[in-house]
Amino acid sequence: MSVETILVFGEGDEGSPSGLTLELLAAARGLATNVEVFVAGDGAAMAAELGAHGATRVHTTGPLDGKLMGVHAAAALQAHMETSSPDAVFFGQTPDGRDTAARLAVRINQPVVTNNVGASFEDGTLVVEEPVFGGTQNVFTAFKNDGPALAMFRPKSFEAEATGGGEAEVVAVDAVDPGPAGSASVTGRHVEERSGPQLDDAEVVVSGGRGLGQPEAFEMIDELAGLLDAASGASRAIVDAGWVPYSKQVGQTGKVVKPNVYLACGISGATQHLVGMKGSKHIIAINKDPEAPIFGVADLGIVGDVHKVVPALIEAMKSR
Amino acid sequence: MKVVVCVKQIPDPALPGELDPSTNYLKRDDKLILDESDSYGVEMALQLVEAAGGGEVSLVSMAANGEVSGLRTALAMGAEDAVLVSDDALAGSDALGTARVLGAAISRMSPDLVLAGVESSDGYTGTVPEMIAGVLEMPSITFAKQIEVDGTTVKVQRQTEAGYDDVECQIPVLVSVTAGVVEPRYPSFKGIMAAKKKPVEELDLAALGVDAAVVGQSGARQETVRVTAAEERQAGEVIEDEGDAHDKIVEFLGELKIV
Ligand SMILES: Cc1cc2nc3c(=O)[nH]c(=O)nc-3n(C[C@H](O)[C@H](O)[C@H](O)COP(=O)(O)OP(=O)(O)OC[C@H]3O[C@@H](n4cnc5c(N)ncnc54)[C@H](O)[C@@H]3O)c2cc1C
Ligand SMILES: Cc1cc2nc3c(=O)[nH]c(=O)nc-3n(C[C@H](O)[C@H](O)[C@H](O)COP(=O)(O)OP(=O)(O)OC[C@H]3O[C@@H](n4cnc5c(N)ncnc54)[C@H](O)[C@@H]3O)c2cc1C
């Protein structure tokens, strides 16, 4: 069964929608006859790609000029929804997605259900699926509210797919002044240097954890990643310790990755780490403790010292 | 400077979590502890007040059965006093209901700065802080990895997917802090003893003037319809490294045509 319209909260950078936005479009297309996008930013620049992924319209505020997004997006979104009444709004579980959904929830007095990986309609109500306890159980939640269903989804929960649709119609929406609540402004942006494939869409991910022993040892993780054309990732233990930036964190509070191969080096396999990488097609783990939980999900487990196995692997790769 | 820190008291995350099969709420039978996610907010508040040359750090928490053990930990770290909201009608509250309650409590405290964690360790919706700001109609900056207060201006490094943004705002403002941004201090023995005598004001919904209809299970307007076991991943081969494990890995990658 399907509903009339699902609105996707679209995010992106420099004119291209994020991968997560395209994933949400794919999910929404399976559930609604009409899928539209709301962009708090330059949505016009994304219209072609959004259309190719099945969006009929993109409602856009235009650039926010340094305003912090959430509260402004929510105010404009509320005004838009008063005339368009979508059955559901899908958000990505991102910083701006959360801020916008949370502010909107207060403004329109509707609940938000977060951290979902699946959605369906059962007897006309949206039911969303959330993994709990490190992905060992799935909780299915039905919206019982009188009004639009606000649902937030984790990355990599759906497969993005172009449908070959034409450019989405661009509809300008008016900015709405949220008053003093909207006074936070962005005064500078800092982008970390990145080379090689992105963690979210790399074919191979090589990750390191506390078992590396010291920050310098992460260099061998980066070196191995370079040789395998892989992205390097990390457990939260070494992100919190300041060895590597947060952008490398895999897990519940970091990135969700689903590469072809995930190679975990000196990572114990805590449930919060597993939820971020358990969906990988193949998992290899190197850990000196034969009881480490990571071996429970590994296709190939090596009980050994990362300081021996990883350098030997680097040498083997170099000599090929 | 007056700082109010939101602290959640949660079941110990080291213990396996369990849903009550009759209600599908998270079981909260054991003693609750201070959520580690909030120990960073408490530490940050103490450091900001020290840097400002004076002020006060107060705590606010919503928890069942008048639970204060997590609050005592934060008081032992150095916070001055606390407000606890506890009421039987709150069982099953969602994030929005929680934010309405915490917002009502905070509005009585007139803070310059409200701190919270980016997301809790047990529910981790990551929406409560921004919702509290919404209830208070206050500006907010989420995902802070560094905070500096310069007179009446709050300057924050806000974590983004690509790196971080510099964000500025005038007080009063709510800021949510990411884990690991500061090293939370261990309460000293003296701190623990002093915490026992620090004031904790306990309020119920009536005292706060919050309508019981907007909280609890009915206020949440969302219902768990079923809980299923997730498909388990099968463990594969585990071998002991005898100096040749790297060859095994190369072979495995070769079969997948990665090398
Ligand atoms: C709310 C919440 C959210 C969280 N979110 C995340 C998240 O997003 N991502 C995440 O990763 N974690 C997250 N965590 C933390 C998680 O619970 C673990 O603490 C963390 O994943 C542990 O990291 P680790 O495996 O590197 O370290 P440890 O658990 O300390 O494991 C180190 C491993 O290295 C092995 N080892 C040691 N020396 C060697 C050696 N020489 N050679 C080989 N192996 C060796 C050890 O046997 C051990 O298994 C979260 C926790 C909470 C409470
Ligand atoms: C597995 C699970 C899934 C859930 N999913 C949803 C959902 O999708 N939608 C929904 O509306 N509710 C959901 N809930 C209920 C929700 O967790 C509770 O409403 C909870 O009271 C607040 O949300 P949170 O823990 O997610 O807070 P978060 O927003 O993750 O917490 C961030 C910060 O807000 C502050 N804070 C949060 N709660 C309190 C408190 N009680 N006292 C003081 N400070 C606090 C703390 O500083 C905390 O670090 C879920 C609960 C569980 C156990």
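Note on naming: letters A, B, ... go to the chains in the order of the sequence lines (proteins, then strands), and numbering restarts at 1 for each one.
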D94(B) and Q222(B): side chain donor to acceptor below 3.5 Å:
yes
Which atoms of S183(A) come close to chain B, meaning under 4.5 Å heavy atom to heavy atom: side chain ones, backbone ones, both, or neither?
both
Need one label for E232(B): side chain, backbone, both or neither, based on atoms under 4.5 Å from any heavy atom in chain A.
neither
What part of I286(A) is in contact with chain B, defined as an atom under 4.5 angstrom from a non-hydrogen atom: side chain, backbone, both or neither?
side chain
Among R103(A), K255(A), Q137(A), E203(A), which residue forms the greatest number of heavy-atom pairs with chain B at distances under 4.5 Å?
R103(A)
Whatever's closer than 4.5 Å to a heavy atom in chain B on N115(A) counts as side chain
NZ/NE/NH1/NH2 to OD/OE distance under 4.0 Å, D201(A) and K258(A):
no
Side chain of T141(A), backbone of T224(B): donor and acceptor closer than 3.5 Å?
no
Is it the side chain or the backbone of R236(A) that comes within 4.5 Å of chain B heavy atoms, both, or neither?
side chain
Winner by heavy-atom pair count (cut-off under 4.5 Å) against chain B, out of K308(A), M152(A), R320(A):
R320(A)
List the steps and the verdict of salt bridge (charged side-chain N to carboxylate O under 4.0 Å, His left out) for K67(A) and D177(A).
CA-CA 11 Å; K67(A) 299 187 190 93; D177(A) 180 8; over 6 Å; no
Less than 4.5 Å to any heavy atom of chain B: does that hold for the side chain of V204(A), its backbone, both, or neither?
side chain
Below 30° counts as parallel, above 60° as perpendicular, anything between as tilted: where do the rings of F252(B) and H282(A) land?
perpendicular
Top contributor to chain B interface from G70(A), G304(A), A102(A), A74(A) [non-hydrogen pairs under 4.5 Å]:
A102(A)
Kindly indicate whether a cation-pi arrangement holds for R226(B) with F140(A), taking the cut-offs as under 6.0 Å to the six-membered ring centre and within 45° of the axis.
yes
E130(B)/S140(B) under side chain to side chain donor-acceptor pair (under 3.5 Å): CA gap, chis, key distance, verdict
CA-CA 7 Å; E130(B) 187 72 13; S140(B) 57; 2.9 Å; yes
Would you confirm whether S120(B), through its side chain, and Y124(B), through its main-chain N or O, come within 3.5 Å as a donor-acceptor pair?
yes
Greatest number of non-hydrogen atom pairs under 4.5 angstrom with chain A, of G219(B), A99(B), A235(B), falls to A235(B)
Would you mind checking which part of A298(A) comes under 4.5 Å of any heavy atom in chain B, side chain (CB onward), backbone (N, CA, C, O), both or neither?
backbone
Could you tell me whether the side chains of T253(A) and Q249(A) share a donor-acceptor contact shorter than 3.5 Å?
yes
Considering only heavy atoms and a distance below 4.5 Å, find which of L227(A), T187(A), L228(A), L263(A) pairs most often with chain B.
T187(A)
Heavy-atom distances under 4.5 Å only: say whether L19(B) touches chain A with side chain, backbone, both or neither.
both
Indicate yes or no for a side-chain donor-acceptor contact from N116(A) to the backbone of G118(A) under 3.5 Å, with no hydrogens or angles considered.
no
In terms of heavy-atom pairs under 4.5 Å, which option from A181(A), G135(A), P131(A), A270(A) contacts chain B the most?
A181(A)
Verdict with reasoning, V205(A) to V261(A), per side chain to side chain contact (heavy atoms under 4.5 Å, CB included)
CA-CA 6 Å; V205(A) 173; V261(A) 177; over 6 Å; no
Which is it for R189(A) and D165(B) under the salt bridge (charged side-chain N to carboxylate O under 4.0 Å, His left out) test, yes or no, and what are the steps along the way?
CA-CA 4 Å; R189(A) 288 190 187 269; D165(B) 287 350; 2.9 Å; yes
Interatomic distance, S319(A) atom OG to I314(A) atom CD1 [nearest 0.5 angstrom]
12.0 Å
Could you tell me which portion of L68(A) (side chain, backbone, both or neither) has an atom closer than 4.5 angstrom to a non-hydrogen atom of chain B?
side chain
Answer key: most heavy-atom pairs under 4.5 Å with chain A among K155(B), Q234(B), E119(B), E137(B) is E119(B)
Steps toward side chain to side chain donor-acceptor pair (under 3.5 Å) verdict (Q170(B), T153(B)):
CA-CA 5 Å; Q170(B) 294 296 307; T153(B) 308; 3.0 Å; yes
Below 4.5 Å from any heavy atom of chain B, which atoms of N109(A) appear? Answer side chain, backbone, both or neither.
both
Examine whether an atom of M131(B) lies under 4.5 Å from a heavy atom of chain A, and if so say whether it belongs to the side chain, the backbone or both; otherwise answer neither.
both
We want to know whether S185(A) and E168(B) form a side-chain donor-acceptor pair, criterion being a heavy-atom distance below 3.5 angstrom.
no
Is any residue of residues 237-247 of chain A within less than 4.5 Å of chain B by heavy atoms, and which ones?
D240(A), Y246(A), S247(A)
Heavy-atom cut-off 4.5 Å, strictly under: side chain, backbone, both or neither for I284(A) against chain B?
side chain
Which atoms of A95(B) approach chain A - backbone, side chain, both or neither, heavy atom under 4.5 Å
neither
Lys/Arg N to Asp/Glu carboxylate O, D241(B) vs K288(A), below 4.0 Å
no
Please classify the contact between L96(B) and chain A as side chain, backbone, both or neither, with a heavy-atom cut-off of under 4.5 Å.
side chain
For chain A, which candidate among H246(B), R221(B), E231(B) shows the most heavy-atom pairs at distances under 4.5 Å?
R221(B)
Lys/Arg-Asp/Glu bridge criterion (N-O < 4.0 Å) met for R154(A), E130(A)
no
If I measure from the heavy atoms of chain A, does V181(B) come under 4.5 Å with its side chain, its backbone, both, or neither?
neither
Which answer fits I258(B), side chain, backbone, both or neither, if we ask what part of it has an atom under 4.5 Å from a heavy atom of chain A?
side chain
Residue-level interface, residues 142-150 of chain B with chain A, non-hydrogen cut-off under 4.5 Å
T142(B), F143(B)
Under 3.5 Å, is there a donor-acceptor pair between the side chain of E240(B) and the main chain of I302(A)?
no
With no hydrogens and no angle check, do the side chains of T94(A) and D96(A) hold a donor and an acceptor under 3.5 Å apart?
no
Examine whether an atom of V139(A) lies under 4.5 Å from a heavy atom of chain B, and if so say whether it belongs to the side chain, the backbone or both; otherwise answer neither.
both
Mark yes or no for whether S93(B), through its side chain, and L90(B), through its backbone, hold a donor-acceptor pair below 3.5 Å.
yes
Using non-hydrogen atoms only, which part of V112(A) is less than 4.5 Å away from chain B: side chain, backbone, both, or neither?
both
Compute whether any side-chain donor of one residue and acceptor of the other, for T125(A) and D123(A), lie under 3.5 angstrom apart.
no
Largest heavy-atom contact set with chain A, pairs under 4.5 Å, which of S176(B), P172(B), A229(B), G126(B)
G126(B)
Would Y164(B) and R158(B) count as a side chain to side chain contact (heavy atoms under 4.5 Å, CB included) here? Give the steps.
CA-CA 5 Å; Y164(B) 68 93; R158(B) 180 178 188 251; 5.9 Å; no
Could you walk me through whether D299(A) and K281(A) satisfy the salt bridge (charged side-chain N to carboxylate O under 4.0 Å, His left out) test, starting with their C-alpha distance in whole Å, then the side-chain angles of each, then the deciding distance to 0.1 Å, before giving a yes or no?
CA-CA 9 Å; D299(A) 301 288; K281(A) 281 207 194 71; over 6 Å; no
What option among H190(A), E129(A), E192(A) has the most heavy-atom pairs under 4.5 Å with chain B?
H190(A)
Heavy-atom pairs under 4.5 Å with chain A are the metric here; pick the option from V135(B), V259(B), I141(B) that has the most.
V259(B)
